Every structure is written in structure tokens, then in C-alpha cells.
Amino acid sequence: MDLYVRQETPLGSSQGERGVQPEESSEKVKAHLSPTELKPQLPGLGEAARESPSPRLPRRIATVLAEAVTSKFSLANRPSTEEQRGMSPPGMVQVEGQSQTQPLAVSSARPEWGSSFAQPIPNSAQPLQAEDSYRTHLETGLFPNWTAAFKAKEVTPGEGQQARGVTSQGKTCKPKTDIVFLKVHKSASSTVMNILFRFGENHNLTFAFPRGGGFQLSYPYHFLARFVQGFSPHSPRRFNILCHHMRFLQPEVQKVVPSSAVYFSILRNPVQLMESSFVYYKGASAFSRVRSLEEFLRQPYRYYDPSRGDRHYARNLMTFDFGFNPDGDVSPERVQLMLNAIEASFDFLLISEYFDESMVLLKEMLCWDLDSVVSFPLNSRDSSTKSSLPEAAVERLKAWNRLDWEIYRHFNRTFWERLERDIGGARLRRELRALRARRAELARGCLQGTGSVGPKDIKDSSLRPLQHGGARILGYNLKQGLDGELERTCRRLVTPELQYSSLLYKKQFPPEHPETPRQQN
């Protein structure tokens with residue numbers, strides 16, 4: 001399994017060997033390995049299955065996989081306490097002493113509803129435009145632009161009540177409060193994080209914060225439980241929500257969350273993801289010497305060094321975040337093993353190109369109400385910093401990010417299968433109408449103007465998002481004179497990730513004030 005996970009070195013390391021050129025794309029592997037077929041490929045699986053008291057064998061398979069992988073690299077050289085506050089990616093512009101956050105960007109065409117939800121992947125050869133959610137038509141299945149959202153049709157009382165109730169296929173259920181969200185870079189993950197922050201705050205849940213109040217769990221190192229503030233191996237304490245940036249390693253994750261936790265993540269088309277990554281992480285070693293992404297893709301190994309600690313920003317970024325080696329083997333057998341490991345670890349995966357549909361699925365899987373999943377897009381880029389790629393460059397990009405492409409193709413298909421099985425077309429359409437109408441209602445009540453504005457036009461500095469690389473990150477202005485409860489709701493919806501994280505950290509770990517010395521008589 002060292003083909004997928006390798007020892008990580010601090011940023012700037014120059015040790016290691018060059019990788020090999022990626023193979024050409026092949027047809028997607030259709031076969032799924034059963035536990036019996038998986039067993040000989042995972043060291044110690046038989047013993048682990050006998051030891052595990054849990055009936056969830058697939059989740060345990062993933063645990064053993066991660067344990068086998070972990071044994072392949074040393075944990076001796078871990079980051080210092082200061083480094084644990086979060087490593088800033090190259091090219092970051094520091095604003096007001098804050099650290100890293102991630103943007104939102106979505107792009108795709110509307111799915112056609114028929115007898116099946118087995119949707120094709122959005123045509124990645126199309127120009128990389130319309131990622132900006134505000135330029136997307138209301139009916140695309142993505143974020144509406146706010147002008148259109150203000151004119152959204154009101155849902156009927158029946159639709160609104162059904163969408164807002166905590167129900168599942170007409171049956172009552174208990175909202176899930178123990179959650180692990182793998183925050184994959186550049187995949188609308190900051191907006192999902194805002195949803196989790198609001199739910200956790202409203203229900204007095206605890207978060208697994210980075211030690212010292214940072215914003216990343218010692219990324220890009222694999223996650224370790226000791227990176228979490230307040231964790232102790234001698235204490236049974238568990239946290240409700242784990243959602244900050246990390247490189248996934250399930251045995252360690254399981255030490256800090258309850259065994260009942262729901263695991264999910266969100267994916268993005270690798271073509272749009274890499275275009276975004278190139279702009280945000282222009283200071284990365286692989287990108288710093290090229291003028292354009294197209295130039296990089298023509299001769300990637302002229303600029304890419306697989307031994308560098310920041311290499312993952314330039315290749316198979318999703319694969320890396322899930323804990324695997326971005327330069328790993330792309331044989332069908334190894335790819336299928338990776339896909340099965342992800343399936344075994346995660347309860348479901350969302351797709352950022354279909355964000356509204358993803359929120360309906362999230363609401364269903366977590367048994368939450370409508371207001372818990374409604375959101376405004378956060379950390380989205382201004383369209384002026386976006387670019388398109390010719391078809392030949394798109395094909396080179398897909399071959400270069402072959403592992404990411406396989407992950408996306410597979411889970412794009414299972415996403416639609418899950419929607420069809422658990423929700424169905426008719427109810428999904430009702431839920432989408434209710435979601436969009438509620439978002440439009442909140443936009444009319446909360447926001448000045450017609451939506452997002454550039455960073456220089458944000459009047460309240462506490463609502464100004466961190467700026468990355470060559471991107472311009474948009475934000476919001478709230479209406480003046482909002483009443484107390486509405487103002488709180490609106491402010492939480494538009495608070496950037498770093499500011500919101502700091503607020504919740506201080507609430508969960510109040511600063512200690514020294515006692516006032518007693519006066520002498």
C-alpha cells in the first residue's frame with residue numbers, strides 16, 4: 001500500500017525520487033472487490049475482523065487499510081507546536097493575522113430527470129466559466145444568482161412544511177450530531193463547513209479544533225489525534241464534529257469522535273479543481289515558474305518534483321486529502337482498492353457541481369431540517385481570475401490527475417444512485433424548490449444589493465475573507481438595522497471560515513483570566 005501513501009516531509013524538502021509519467025486514461029473499473037477479495041490485499045485484515053466487535057465490516061476494512069498504510073511511513077518527525085497552528089500554503093496573502101481558508105466554486109449543467117439518476121460527468125472540455133454561482137441560472141441545480149433568487153417562486157405550504165420538517169421518507173428520525181467531514185480543498189468545502197459550524201453552535205455541540213486554535217490539523221501531515229485541542233489518550237472524551245482541514249487517517253480520527261459518527265466529504269471535477277488550485281497556490285513549487293496552467297500541463301515533470309512537500313497542490317489533490325499517495329500506481333487493481341477503501345470509510349460523498357442536490361442529500365442523511373442546510377456560497381472567486389482550457393489541455397490534465405479523475409467518476413455515479421434510491425425524483429424536485437425559495441428569502445432579508453461583492457467593497461472588516469494567491473475572494477454586506485435574532489442568523493450565514501472558527505474556538509475554550517491579586521490590608 002506504499003503505492004498510495006508515502007512518508008511526508010516538511011514543506012521545502014528536496015529529498016526523494018522523481019515519479020513516472022502517468023498512463024493514458026482507460027475505461028473505469030466496474031468490478032467491486034468483496035471483503036473476501038479484499039482480504040489478501042490488506043495485511044492483517046483477518047485478524048482485525050476477528051478482533052472487531054462492530055458489525056460494520058466495511059468501516060473496519062478501511063481502518064485496517066489505514067493501519068497498514070501507516071506502517072509504511074515514519075511518524076518521528078512531526079511538526080512543532082507552532083506548526084500545528086496550521087501551515088499556510090505558498091502564495092498566501094496574510095490578512096489581519098488570519099490563516100488559510102478554502103473557496104467555493106461550482107460549475108455544471110442541469111441534470112435531466114428521467115427514469116434514472118445515473119448522470120454523466122459534466123463536460124470538462126467546456127470552457128471553465130460559470131463557476132461563479134451568482135452567474136448560474138436558478139434552474140441549473142446550482143446556486144442561483146441573487147437577482148434570480150429574489151424572484152424565486154414561493155413554495156406551497158405543503159412543500160415548505162415537508163421540506164422543513166425533520167423527516168425521512170415520511171418517517172420521523174433523530175438528527176445526527178456526531179459528524180466527520182473531510183474538507184477536500186477547492187470543492188465548496190468552506191460553505192459546507194459554515195453549515196456545520198452553524199448547526200454545531202445552535203445545538204451546543206463540541207468541535208475537534210486544531211491544537212492552539214489554528215485552522216488546519218497539521219496539514220499536510222496525516223491526521224493524528226494529538227493534533228486536536230483537548231484530546232488526551234487517557235481521557236474518554238470525544239468531540240461531536242471534526243471538520244477542519246486534515247489529511248485523512250481513519251484509525252486516528254476514530255480516537256477523537258464517537259463510534260456513531262457519520263463520515264462524509266465533497267468532491268469536485270478535477271479539471272475545475274486544478275484550474276482553481278493553480279490560481280490559489282501559484283506560489284507552490286510546481287507552479288511558481290510557469291505562466292499558465294496550460295504551459296505546466298505540456299511538460300509537468302519539468303516543474304513538478306514529487307519529493308517536495310507541497311507537491312499535492314499540483315497533482316491529485318483529492319487523492320492526497322483522502323490520505324493516499326498522489327503519485328501512486330494507477331493500475332485498475334490499485335485504483336479499485338482505493339475506491340473500495342474510500343467507500344468503506346465514508347457513508348456518502350457529495351458533488352460540488354450539484355451543490356443544491358448535495359444539500360438535499362445531506363439533509364436526508366443527517367435527518368436535519370431545511371434551515372440547517374441552507375447557505376450562501378462562501379470564499380468564491382471573482383470571475384476575473386478564472387480561465388478556460390482548450391480540449392487538448394483538458395485531456396492532459398485528466399491524465400495527469402488520473403487518480404482524482406477515477407475517484408470523481410466513480411462517486412459522481414454513486415451520488416446519483418443514492419439520490420434515486422433514498423429520495424427519488426419527485427421529492428427531490430420539491431426539496432430543491434423549497435431550498436432555493438428559503439435561500440432567496442434569506443438573501444432578501446439579509447443582504448445589501450444583489451449578493452456578493454469584492455473584498456474592497458466589504459464594509460464590515462470582520463466579514464472580509466482571506467485573500468489567496470491571484471484570486472479575489474468575494475464576500476457580503478449585511479443590511480443595516482436588522483433585529484437581534486435575524487441579525488445573528490444573517491451574520492452567521494456570511495461569516496468567513498477563519499473568523500467563525502476563531503469565534504467557536506474561544507467559546508469552547510475560553511481564555512483563562514488570571515485571578516485578581518488580593519489587596520493587602
Side-chain angles (χ1 to χ4, degrees), residues 86 88-89 91-107 130-136 142-150 183 185-198 201 215 243-245 276 279-281 352 355 359 374-386 439-482 486-505:
S88 298
M92 174 180 293
V93 178
Q94 296 294 337
V95 176
E96 297 179 356
Q98 304 277 4
S99 185
Q100 182 186 9
T101 187
Q102 297 305 320
L104 162 70
V106 287
S107 169
E131 283 183 22
D132 189 342
S133 57
Y134 313 109
R135 300 178 185 273
T136 305
L142 305 178
F143 294 117
N145 67 55
W146 296 118
T147 302
F150 297 152
K183 191 174 184 291
H185 286 74
K186 323 313 306 164
S187 302
S189 57
S190 288
T191 302
V192 177
M193 195 176 192
N194 178 271
I195 289 171
L196 296 174
F197 279 167
R198 287 187 284 118
E201 183 180 20
F215 304 107
C243 61
H244 286 74
H245 270 306
S276 180
V279 174
Y280 275 79
Y281 305 121
S352 67
F355 193 87
M359 292 304 97
V374 72
S375 63
F376 297 155
L378 296 178
N379 294 343
S380 56
R381 266 192 301 160
D382 180 76
S383 59
S384 65
T385 65
K386 300 171 185 176
R439 183 168 55 222
E441 178 186 357
L442 286 168
R444 289 191 296 268
C446 293
L447 304 179
Q448 289 184 19
T450 58
S452 61
V453 297
K456 293 182 179 179
D457 296 320
I458 300 173
K459 300 174 183 177
D460 186 342
S461 61
S462 69
L463 299 180
R464 190 173 298 138
L466 178 70
Q467 301 301 303
H468 289 256
R472 290 179 67 247
I473 311 303
L474 305 176
Y476 298 92
N477 286 317
L478 294 178
K479 285 185 173 179
Q480 300 297 311
L482 298 174
L486 179 59
E487 199 277 341
R488 179 186 180 279
T489 296
C490 295
R491 180 168 291 274
R492 292 295 189 263
L493 280 164
V494 301
T495 298
E497 172 188 331
L498 302 190
Q499 289 92 314
Y500 207 158
S501 180
S502 294
L503 182 152
L504 294 176
Y505 178 83

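A quick note: this is a predicted structure, and the numbers were derived from the prediction, not measured. Sequential numbering from 1 along the given sequence is applied to the chain's residues.
Contact detail for S190 and L378: the closest heavy-atom pair is O-CD1, 4.3 Å. In plain terms, the two heavy atoms of E201 and R492 that are nearest each other are OE1-NE, 2.8 Å. Residue S276 comes nearest to K186 through the heavy atom pair OG-CE, 3.3 Å, listed as atom of the first residue, atom of the second, then distance. Here the shortest heavy-atom pairing between S462 and Q499 reads O-NE2, 3.2 Å. The two atoms that bring R439 and F376 nearest to each other are O-CE2, 3.8 Å, heavy atoms only. In terms of heavy-atom proximity, G451 sits nearest to L447 at CA-CD1, 4.3 Å.
Within the 3.5 Å criterion, the main-chain N or O of E497 finds no donor-acceptor partner in the side chain of N194. Checking side-chain atoms of H245 against main-chain N and O of F215 turns up no donor-acceptor pair under 3.5 Å. Checked by atom type and distance alone, the side chain of Q448 never pairs as donor or acceptor with a backbone atom of N477 at under 3.5 Å. Within the 3.5 Å criterion, the main-chain N or O of L478 finds no donor-acceptor partner in the side chain of K459. Side-chain atoms of S187 come within 3.5 Å of backbone N or O of H185 as a donor-acceptor pair.
How far OH of Y500 is from CZ of R198: 7.0 Å, rounded to the nearest 0.5 Å. The structure places OH of Y476 at 12.5 Å from SG of C490, a figure rounded to the nearest 0.5 Å. In this structure, NE2 on H244 lies 3.0 Å from OG on S501, to the nearest 0.5 angstrom. One finds the NZ atom of K479 at 9.0 Å from the CG atom of L486 (value rounded to the nearest 0.5 Å). For the atom pair OG (S452) and CD1 (I458), the distance works out to 9.0 Å, reported to the nearest 0.5 Å.
Using a 4.5 Å heavy-atom threshold, the side chains of L482 and R488 count as separate. For the pair R491 and C446, the minimum side-chain heavy-atom distance is 4.5 Å or more. Counting heavy atoms from C-beta outward, T191 and F355 have side chains that approach closer than 4.5 Å.
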